[in-house]
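Here's the structure, in structure tokens; my notes come after.
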There are 2 protein chains.
Amino acid sequence: MFTSSEENYLKAIYHLEIGVDKGVSTNAIAEKLVTKASSVTDMVKKLSEKELIIYKKYQGVSLTNFGKKIASNIVRKHRLWEVFLVEKLNFSWDEVHDVAEQLEHIKSPKLIQQLDLFLGFPTHDPHGDPIPDKDGNLKAIEKSLLSSLIKNESGICVGVNDSSKDFLQFLDKKGITLGKLITVLEKEDFDGSLFIQIDRKKLSISNKISNNLYIKKQ
Amino acid sequence: MFTSSEENYLKAIYHLEIGVDKGVSTNAIAEKLVTKASSVTDMVKKLSEKELIIYKKYQGVSLTNFGKKIASNIVRKHRLWEVFLVEKLNFSWDEVHDVAEQLEHIKSPKLIQQLDLFLGFPTHDPHGDPIPDKDGNLKAIEKSLLSSLIKNESGICVGVNDSSKDFLQFLDKKGITLGKLITVLEKEDFDGSLFIQIDRKKLSISNKISNNLYIKKQ
DNA sequence: ACATTATTTTAGTCTTGTCTAAAATAATAT
DNA sequence: ATATTATTTTAGACAAGACTAAAATAATGT
């Protein structure tokens with residue numbers, strides 16, 4: 001149907017256009033895919049020909065409904081594979097991205113349907129990101145940044161905003177994983193750092209951390 | 001490391017050089033990969049540069065030890081994925097090939113190691129073909145063609161020589177699956193057809209069928 | 001409003017892997 | 001032994017997807 005390269009562009013645009021009403025810029029896509037703006041312009045023309053995106057010179061791009069369907073399906077596959085890797089093959093959450101990046105391009109509707117069944121129809125991936133259903137719909141959950149909590153509030157850790165290896169390994173080191181209850185014991189006004197309780201441990205975390213951790217308020 | 005295309009050439013050569021002492025011909029590779037001889041010549045030069053194969057003009061090719069290692073690893077991955085699809089995702093043995101053909105190119109040593117563990121270190125794929133270990137070694141089992149049995153001999157079905165959809169579906173229809181006990185009740189000399197017993201059923205099968213079915217003599 | 005800067009596009013090139021058509025070599029038959 | 005046929009290789013072309021450098025357009029600052 002589509003090449004891996006085309007799929008990667010669609011996925012990048014899909015992620016970039018979330019919460020933005022303007023078209024996604026050539027440069028933004030180039031940065032996300034670690035390629036050059038000129039390459040993006042080339043590809044964007046092809047995707048436009050195939051009615052996957054709306055493109056007007058110098059105006060940025062946006063996905064058509066068709067493009068959105070294709071893109072969300074790639075994301076669906078990516079996240080289902082991540083669940084598989086963690087749940088069945090004992091990968092840790094910081095190891096799954098690169099492999100899922102390859103697996104998401106495997107073409108077989110039956111494969112994904114059966115994988116979904118095998119995994120028990122998961123709604124979220126190992127980082128707490130929602131898995132689109134076959135029609136691209138996301139199961140939204142109310143989540144807040146940990147940084148938005150005030151003293152004595154608490155919540156369950158439900159996701160991360162930054163899925164980089166470094167950040168995920170940092171969280172592992174601190175014992176912070178999805179499902180854990182976090183309580184804010186103190187909040188420092190001058191730097192936004194938090195003193196939190198998790199399990200029996202108390203620890204201090206910077207604003208940068210709490211800005212990248214989603215919790216569900218209790 | 002290597003492109004999917006390179007890997008496909010190595011795999012084709014690997015399969016073609018089994019039981020042959022001469023170099024594998026350009027045409028044979030072209031036929032196997034459904035491509036043109038000229039394309040094969042091009043690729044064969046590249047693989048030769050990379051020391052994966054031995055190639056001399058007009059002489060055909062053969063894998064180096066290095067090439068054999070790479071090739072057997074692709075076959076290993078292909079067959080492990082086939083086991084996964086059948087055992088875990090409820091694919092039937094005639095549905096797995098095309099998907100495994102894609103999955104075999106996923107690059108992640110950990111993925112295969114964990115998959116192997118998850119599947120319980122299988123030694124054979126759903127068609128009875130042996131799965132190479134990390135070093136490319138195959139666990140040989142003594143198997144014979146069903147056509148080699150004589151009247152009143154019997155054996156366990158352990159593999160197929162032809163893995164085409166048509167043949168596999170035919171076997172399904174007749175209730176012939178791996179592990180089944182087959183007894184030869186009659187053998188017709190003039191056309192080699194067999195009258196066999198399998199479970200409580202008796203049926204007649206042509207020489208073409210019995211020439212593509214491996215059994216382990218009892 | 002216009003000069004400067006940033007972004008985007010165009011033009012031309014490169015690599016990979018394929019193809020066709022023609023030339024070269026090997027195999028086969030008489 | 002040589003003519004014929006089959007196989008393989010070469011030469012040149014093409015598409016996809018990337019790149020660089022230069023040109024065009026948009027955005028920004030004073």
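Just so we're on the same page: letters track the sequence lines, and every chain starts at 1.
The residue from B:R76, B:K77, B:K11 that alone fulfils the side-chain hydrogen bond (donor to acceptor under 3.5 Å, both in side chains) condition with B:E104 is B:K11.
A:E7 meets the side chain to side chain contact (heavy atoms under 4.5 Å, CB included) test with A:F2, A:I74, A:H105, A:K107; sequence neighbours excluded. In this view, B:F84 and A:F84, B:W81 satisfy the ring pair (Phe, Tyr, Trp, His ring centres under 6.0 Å) rule, not counting sequence neighbours. The side chain to side chain contact (heavy atoms under 4.5 Å, CB included) test applied to B:F121 returns B:D116, B:L117, not counting sequence neighbours. In this structure, the side chain to side chain contact (heavy atoms under 4.5 Å, CB included) partners of A:K110, at least two apart in sequence or on a different chain, are A:S108, A:Q114, B:F91, B:E95.
With hydrogens and angles ignored, the 3.5 Å screen pairs a side-chain donor or acceptor of A:R79 with a backbone N or O of A:P130. Between the B:K187 side chain and the B:I150 main chain, no donor and acceptor come within less than 3.5 Å of each other.
Taking atom CZ of residue B:F2 and atom P of nucleotide C:dT16, one finds them 14 Å apart after rounding to whole Å.
The phosphate of D:dA18 (OP1 or OP2) has a side-chain N or O of A:S5 nearer than 4.0 angstrom. The phosphate of C:dT18 has neither OP1 nor OP2 within less than 4.0 Å of any side-chain N or O from B:K36. Between A:T3 and D:dA16 there is no side-chain N or O to OP1 or OP2 distance below 4.0 Å. A sub-4.0 Å separation between OP1 or OP2 of C:dT18 and a side-chain N or O of B:Y9 is present.
Within residues 20-32 of chain A, the residues having any heavy atom closer than 4.0 Å to DNA chain C are, in order of number, A:S25, A:T26, A:N27. Taking a 4.0 Å limit (strictly below) on heavy-atom distances, residues 38-61 of chain A reaches DNA chain C at A:S38, A:T41, A:K45, A:Y55, A:K57, A:Y58.
Remark: A:K88 fails to qualify as a cation-pi partner of B:F118 under the 6.0 Å distance and 45° angle criteria applied to the six-membered ring.
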